[in-house]
Structures are given as structure tokens and as C-alpha cells.
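Structure, as C-alpha cells:
Just so we're on the same page: letters track the sequence lines, and every chain starts at 1. What you see is a predicted model, and the numbers here were worked out from it, not measured in a lab.
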There are 2 protein chains.
Amino acid sequence: MKIGELSERSGLSRDTIRLYEKNGLISSSASQSETNNYRDYSDDVLLQLRFVSSGREAGISISDLRELMKAFFGTCDPSEAENVIVAKMAELKERISQIENVIAFLAAALEKVRDGLHET
Amino acid sequence: MKIGELSERSGLSRDTIRLYEKNGLISSSASQSETNNYRDYSDDVLLQLRFVSSGREAGISISDLRELMKAFFGTCDPSEAENVIVAKMAELKERISQIENVIAFLAAALEKVRDGLHET
DNA sequence: CCAAACCATGGACCATGGTCTATTGTTCTA
DNA sequence: TAGAACAATAGACCATGGTCCATGGTTTGG
């Protein structure tokens with residue numbers, strides 16, 4: 001499919017898709033036609049983009065995502081891939097616990113605010 | 001205390017502290033001395049910075065943190081503060097579930113990679 | 001008393017992750 | 001077949017969150 005359709009279906013802008021491609025998160029083949037240089041994207045790319053975009057939403061950087069994509073579809077050997085994935089999972093879990101700390105702090109603050117309200 | 005000590009104790013660079021102050025995350029009083037314009041930071045600021053910096057690590061933007069700080073120490077009324085805090089907690093929980101999605105995806109990918117290894 | 005260490009300010013600089021625009025070429029459709 | 005819609009490329013632009021540097025003033029330890 002061409003970039004317009006991919007954009008439609010992925011919910012990402014053409015510019016963003018091109019950015020991701022330039023950064024090696026996805027790849028495309030040259031168009032079937034010889035008369036243009038339109039990119040042609042396979043259906044797999046759509047799945048890849050879904051992962052990329054949920055990763056981005058979760059705050060994973062483009063370069064980290066590139067490593068993960070390489071690990072998944074990877075030119076690198078499987079044990080190396082395993083390492084990358086395991087490391088990233090640990091990192092994400094750490095991130096979750098950081099967020100949970102902040103939530104706990106907010107919950108405590110909320111208590112105080114509510115107490116303050118009751119006193120009024 | 002002066003910014004150098006605050007930097008030491010908070011683990012943040014002077015520049016970062018000044019940035020945060022400029023962005024309204026913390027505040028300082030003018031120095032006791034009249035002969036200079038050094039900033040003077042109370043011990044409370046240290047606690048505030050600890051929160052700010054864990055918030056930053058958790059990926060919360062400076063402007064969001066500013067809203068939270070206002071809610072905590074706030075000039076704004078308590079029920080408004082409550083709203084801000086509750087909203088931010090919900091947002092953070094959403095963020096956690098996004099990250100968990102990614103983790104689940106990675107776990108699945110890991111399975112596949114390991115199966116691949118076994119087949120070899 | 002003097003140098004080293006500290007402070008404030010402002011602006012330059014950087015990376016990241018996008019968006020927007022202009023230009024040029026291609027395809028689709030009325 | 002003309003014009004609208006689409007595509008590629010390059011470069012400018014933007015916000016965010018920091019760091020670094022130059023300047024000039026202040027404090028402090030030896």
C-alpha cells in the first residue's frame with residue numbers, strides 16, 4: 001500500500017511515517033511501478049507501526065524502538081535479541097515502579113487536601 | 001541554603017534547578033544578605049525537588065508538574081487542587097497500562113525468540 | 001589581600017520528536 | 001486532457017528539557 005493508505009490505517013501522519021522510516025523503524029520496498037519512486041508498504045508494516053506507536057505512547061524513544069524492531073525481525077542473532085528484549089522489559093518495569101511512586105505521592109497529597117476540605 | 005548546596009543535596013545541576021525555578025516548579029527568597037542577589041532556598045525546596053525529579057523520571061512534563069506543585073502548595077482552592085491531582089493520577093495509571101501493553105507484547109516476542117532458539 | 005570558588009544572568013547550543021512548506025513529479029478522475 | 005489529489009525530498013520551523021559558556025559580581029580560605 002502507499003503511504004496515504006498506511007497513514008489512514010495507522011493513524012499516523014505521512015510525515016511521522018517517513019520520519020520513522022528514515023530512522024529505521026520500518027522499511028518499504030520500491031513501488032512495483034517503474035515510472036515513479038513511490039514507496040510500497042506491506043501489511044506487516046501496519047502491525048509494526050502499531051507496535052511502534054504504542055511504544056512511543058509509552059515513552060520509549062525512537063532509537064530504543066529501533067533496537068527492539070531489529071531484535072524482532074532481526075538481522076541480529078536470537079540470543080542477542082533475547083538480551084535486548086529482556087533488558088527493555090526490565091527497564092519498562094522500572095519505569096512503572098517510578099510512576100507508581102509518583103502515584104503514591106499524589107494519593108498521599110490527595111488525602112491531605114481532602115482533610116483540609118473537611119476541616120473547613 | 002544556596003544553590004550549590006541544594007544542587008549537592010538534590011543531585012540536580014545548578015542549571016537544572018534554575019530552569020525549574022524559572023518554570024515555577026520551586027521558588028526561593030532573596031538572600032538574607034543585602035549585598036548580593038544570591039537566592040536562598042528553604043529545606044522544603046529540597047523535598048519539592050525530590051518530587052519534581054521523580055516526576056520527571058516518570059516522564060511527567062514540567063508544565064504538568066507545575067500544576068501539581070500549585071495544587072499541593074497551592075494558591076488555588078482545595079477542590080480545584082483535588083481535581084488536578086485526581087486527573088493526573090488517572091493519567092499516570094493510563095500510562096502504566098500502556099507500558100504494560102508493551103511489556104506484554106515484548107513477552108510474547110520473547111517466547112517466539114526462545115522457541116526459535118530451541119528449534120536450532 | 002588575593003585567588004579560588006561561588007553566584008546570577010543571558011544567550012547559545014544540543015538532542016529528540018514532530019510538523020509544515022515548497023518544489024517537483026505522478027496518478028486518478030471527471 | 002486538465003486539474004485535483006497524491007507522492008518524494010529537503011529544509012525550515014517548533015516545543016521540550018537540558019547543558020554550556022561568557023560576563024561580572026560576591027564570598028571565603030589560606
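Contact annotation: Y20(B) reaches the phosphate of dG18(D) (side-chain N/O to OP1 or OP2, under 4.0 Å). Here S13(A) reaches the OP1 or OP2 of dT19(C): one of its side-chain N or O atoms lies under 4.0 Å away. Side-chain N/O atoms of R56(B) include none lying less than 4.0 angstrom from OP1 or OP2 on dT16(D). Residue N36(A) has a polar side-chain atom (N or O) positioned under 4.0 Å from OP1 or OP2 of dT27(C). Applying the 4.0 Å criterion to OP1 and OP2 of dA7(D), one finds that N37(A) has every side-chain N and O outside that range.
As a whole-Å value, the separation of I62(A) CD1 from dG18(C) C1' is 8 Å. Atom CZ of R14(B) is separated from atom P of dT9(C) by 14 Å (rounded to the nearest Å). Computed from coordinates, the D40(B) CG to dA8(C) P distance equals 10 Å when rounded to whole Å. At whole-Å resolution of the value, CG in L6(A) and P in dA8(D) are 11 Å apart. Rounded to an integer number of Å, the gap from R39(A) CZ to dT27(C) P is 15 Å. The separation between I17(A) atom CD1 and dG17(C) atom P is 17 Å, rounded to whole Å. Taking atom NZ on K22(A) and atom P on dG17(C), their separation rounds to 13 Å, with Å as the unit. Distance, L19(B) CG to dG10(C) C1': 14 Å, rounded to whole Å.
The D15(B) side chain lies nearest to dC20(D) when the options are dA7(D), dT19(C), dC20(D). Checked against dT9(D), dT26(D), dG18(C), the side chain of T35(B) finds its nearest nucleotide in dT26(D). With dA8(C), dA7(D), dG17(D) as the choices, the nucleotide that has an atom nearest any side-chain atom of R18(A) turns out to be dA7(D).
Contact annotation: side chain of Y38(A) to base of dG25(C), donor-acceptor pair present below 3.5 Å.
In this structure, I60(B) and I3(A) both approach DNA chain D, and ranking their closest nucleotides by distance from the 5' end singles out I3(A). If S61(B) and K2(B) are placed on DNA chain D by their nearest nucleotide, the residue sitting closer to the 5' end is S61(B).
For the atom pair I103(B) CD1 and L92(A) CG, the distance stands at 5.0 Å (nearest 0.5 Å).
Of the possible donor and acceptor atoms, one in the side chain of R66(B) sits under 3.5 Å from a partner among the backbone N and O of N23(B). No donor-acceptor pair under 3.5 Å is formed between the side chain of R14(A) and the backbone N or O of S7(A).
For D64(B), the salt bridge (Lys or Arg N to Asp or Glu O under 4.0 Å) partners two or more places apart in sequence, or in a different chain, are K88(B).
A 4.5 Å side-chain heavy-atom check between L68(A) and F51(A) finds at least one atom pair inside the cut-off.
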